[in-house]
Structure formats: C-alpha cells, structure tokens
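Just so we're clear, the structure is a prediction, and the values are computed from it rather than from any experiment. Each chain gets a letter, A, B and so on, in the order the sequences are listed, and its residues count up from 1.
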Protein chains: 2
Amino acid sequence: MTVTADACPGSCTEVAERAWVQLIRAHRSALCSVEKALRAAELPPLEWYDVLLELEREGPLRSRDLQERLLLAQYNLSRLVDRMEAEGLIERTRCSDDARCQWIRTTTAGDALRQRMWPVYADAIRTAVESRLTKPQAAQLGELLARLSNCPKA
Amino acid sequence: MTVTADACPGSCTEVAERAWVQLIRAHRSALCSVEKALRAAELPPLEWYDVLLELEREGPLRSRDLQERLLLAQYNLSRLVDRMEAEGLIERTRCSDDARCQWIRTTTAGDALRQRMWPVYADAIRTAVESRLTKPQAAQLGELLARLSNCPKA
DNA sequence: ATTATTTAGATGCAAGTGCATATATAAGTC
DNA sequence: GACTTATATATGCACTTGCATCTAAATAAT
C-alpha cells in the first residue's frame, strides 16, 4: 500500500488499496495544478469559488449547511467565512428566529469574483480531467467516486 | 460546477466537471476518516506511513526521488523528513559522490511504526472503499484514477 | 421555572503549508 | 580556471489547519 504509482504491477496490491492510492495521487496531482492556475491568475483558492457558487445556487445558507455541503470542518468554514467577509465577498446576518444561526449570502463583489474565477477553473479542470479521459470514462469515474463520498445514511 | 453532491441531476453539469467535483468530495471524505482513525489510535499522519513504506520497498532514496514518488512539494518533504528524523524513524546521510544529495533510509523504529500503522490504515481503507464498491468497481476506479495522476510525459 | 443537554458558531494555540529565497554544490560555457 | 546556470535541499515568514475549548442560544428534562 503506497501512494506510489507503480505499486507492484500485478496483484500484490489489493484492488481497494490501489483505488485508494490512486485517489490520493489523482487528487494531489489535479488539485495542485488547479490551485497553481488560480494563483498564477492572482485569484483566491478553490474553496472561495465553491462557497460563492454554492451560495449563488442555493441562495443564502446557514453556516452549518454550507459546511455540510462543502464537507468542511466547522472551524475551517468559520474562518473561511471570516476571510471572505473581510474581502467583502459575502455577508453574514443573524437569523431572526434562531439567534445562534446566521445567514450567509454573496455580495455583488462575490458574484463578480466567482465569474472571474470560472474560466480559469474550468480550464484547469479540462486539463486535469477532460484531456485524460473519454467522456464515458469521466462519467463512470464520477459515478464511482460519488459512492465514496455519499454518507452511509444517504 | 460545485463541490456539492446534488449538482443538477441530469445534464446541466458536464461530465468532466462532475468527475472533478466527486474527486474532491471523495478525497475529502475518505481522507478525513482515515486521518481520524490514525489520530484516534495515536498514530502519526498518513504521509509518515507513505514515506516509511516507500523507503522500505525501494530501499534508501534521495529526497528528490521520494518527493517525486509521493507527489509532495520539495519544501514539504524537507520538513516532513526533519520531523521524522527527529523522531528517530528515518536517517539522512550525505551521498559520497554528490554532496548536495542525501540518502534517506528507515530505522528499526521506523519499520516498527509502519507495521503498527498498517492495520489501522488498512481498516480505514476497507471502510472507505471496500464497503462502498464491489471488487470490479474498485478495480475500475483505480484504473480511471491512475490516468489522472499519470504524468503527461509518462 | 431551573437545570442539564444539545446545537451554532468563534477562537487561542500549536503545527503544517506555500511562497520566495537562501545555501551549497555540480555542470556547462567561454 | 573564472563565470554563469542548474540542481538538491533548507528556511524565514505569513497564512491555514486541527484540536480543544469557549460562548451563546435553543431544547429537553425534572
């Protein structure tokens, strides 16, 4: 079991292990190149985009929900929201019915940033995925991966 | 394009995008549970295992090679090796022929740690992968992912 | 109503990460 | 051989992450 590519060509590595290893490798390699592309374009990290898109698609969300959707840790989202709020990309407002909650919504600046990020992001995805897999392969990959991230309860 | 699970059921999301999103999600969710399992067992992070295994399988390696195999950034590996050396798990020795290089090798303690980590790691992988995919599915997933991490040149 | 429990979110601190750059050595050029 | 360029690794600094814990508000229990 390694994170290495050439893990005993043949059968010394169990299939599940191999899938796992390749998952880590593919993620490292793909994510790294996407992040680099964003930085090169002087754009913020990927997560910022995810937050903005999620808010744009779902409308204002509570921290809790955003956190769940993005699979982020509570404290990480909290601080991510801090940073993005400081940049004027999103806003927090207290819920009226539950004073513990808050609604998070995008601002105009947030929407604008999201739109500037998309082309760079999309291009990076094309390089990372589209250029290496046929359409049916990509579709199947998506299917298989989805099973891994689905909550057991779901 | 989101990191969210329910991205427009149907066709509004391109297949490559979906694969990408699911890659991120699957990785987050799986890695997170593995790391938690390791911490719960008071074991060091995953990478430590990867380094140790790689060294055990390939024998002493130069930093550069280890870095490439594990897809780690140079400065990250440098510091990872610092930490592991400080714990007595690996050793650095200068190459005789090229004074810039160094050989990295495991120690007895390193081997012992690796062996203690494996059961926990293996179990976490089983939970994360084996329980969610059939054997052929896992095999195919491994195949598809491998294409994503293969260097273009390879 | 009063207290205990749970839930939403924030935060101090230690550790890890990325960037840019430094150091040292090797290789190539003139 | 002095001078530039490339390679292997380390490091200062700012920022991010994880852990544990804290506060505040809502629910449940008595």
>> In terms of relative ring orientation, are Tyr121(A) and Tyr49(A) parallel, tilted or perpendicular, with 30° and 60° separating the classes?
In response: perpendicular
>> Whole angstroms only, please: what is the CZ-P distance between Arg83(A) and dA10(C)?
In response: 13 Å
> Can you check the Leu70(A) CG to dG9(C) P distance for me, whole Å?
Replying inline: 13 Å
> Between dA26(D), dT9(D), dA24(C), which nucleotide gets closest to the side-chain atoms of Gln74(B)?
Replying inline: dT9(D)
> Side-chain contact, heavy-atom cut-off 4.5 Å: Pro45(A) with Glu35(A)?
Replying inline: yes
> From dT9(D), dA10(C), dT7(D), pick the nucleotide closest to the side chain of Cys101(B)?
Replying inline: dT9(D)
>> Tell me the interatomic distance from Glu42(A), atom CD, to dA20(C), atom P, rounded to whole angstroms.
In response: 10 Å
> Can you check the Glu47(B) CD to dT17(D) P distance for me, whole Å?
Replying inline: 15 Å
> Would you call Leu113(A) and Pro44(A) a side-chain contact if the rule is heavy atoms closer than 4.5 Å?
Replying inline: yes
>> The side chain of Ser63(B) is closest to which nucleotide in this list: dG9(C), dA26(D), dT9(D)?
In response: dT9(D)
>> From CE of Met84(B) over to P of dA15(C), roughly how many Å is that when rounded to an integer?
In response: 17 Å
>> Please compare Trp103(B) and Leu80(A) by the position of their nearest nucleotide in DNA chain D and report the one closer to 5'.
In response: Trp103(B)
> If you check every side-chain atom of Arg62(A), which of dA8(C), dT25(C), dA26(D) has the closest atom?
Replying inline: dA8(C)
>> Mind checking if Glu35(A) touches a base, just sugar-phosphate, or nothing, with heavy atoms under 4.0 Å?
In response: nothing
>> Both Lys36(A) and Asp65(A) contact DNA chain C. Taking the nearest nucleotide for each, which residue is further toward the 5' end?
In response: Asp65(A)
>> Starting the side chain at C-beta, find the nucleotide from dT17(C), dT9(D), dG9(C) nearest to Arg92(B).
In response: dT9(D)
>> Given dT25(C), dC19(D), dA8(C), identify the nucleotide with an atom nearest to the side chain of Arg39(B).
In response: dC19(D)
> For Asp97(B), which contact category applies under a 4.0 Å heavy-atom criterion: base, sugar-phosphate, or nothing?
Replying inline: sugar-phosphate
>> Counting only side-chain heavy atoms from C-beta out, which of dA25(D), dT9(D), dT11(C) sits nearest to Ser78(A)?
In response: dT11(C)
> From the list dG12(D), dA25(D), dT7(D), which nucleotide is the closest neighbour of the side chain of Arg79(B)?
Replying inline: dG12(D)
>> Side-chain N or O of Arg64(B) versus OP1/OP2 of dT9(D): is the shortest distance under 4.0 Å?
In response: no
> Ignoring hydrogens and angles, are the base of dT9(D) and the side chain of Arg100(B) linked by a donor-acceptor pair under 3.5 Å?
Replying inline: no
> Whole-Å distance between dA8(D) C1' and Leu61(B) CG?
Replying inline: 15 Å
>> When you compare the side chain of Arg105(A) with that of Thr93(A), does any pair of heavy atoms fall below 4.5 Å?
In response: yes
> With respect to the phosphate group of dT11(D), does any side-chain polar atom (N or O) of Tyr75(B) fall under 4.0 Å of OP1 or OP2?
Replying inline: no
> With the 4.5 Å side-chain cut-off for hydrophobic clustering, are Trp48(A) and Tyr75(A) part of the same group?
Replying inline: no
> Is the side chain of Arg25(B) donor-acceptor paired with the backbone N or O of Arg69(A) at a distance under 3.5 Å, no angle test?
Replying inline: yes
>> Could you tell me how far apart Asp98(A) (CG) and dG9(C) (C1') are, to the nearest whole angstrom?
In response: 11 Å
>> In whole Å, I'd like the distance from the CG atom of Asn76(A) to the P atom of dT17(C).
In response: 13 Å
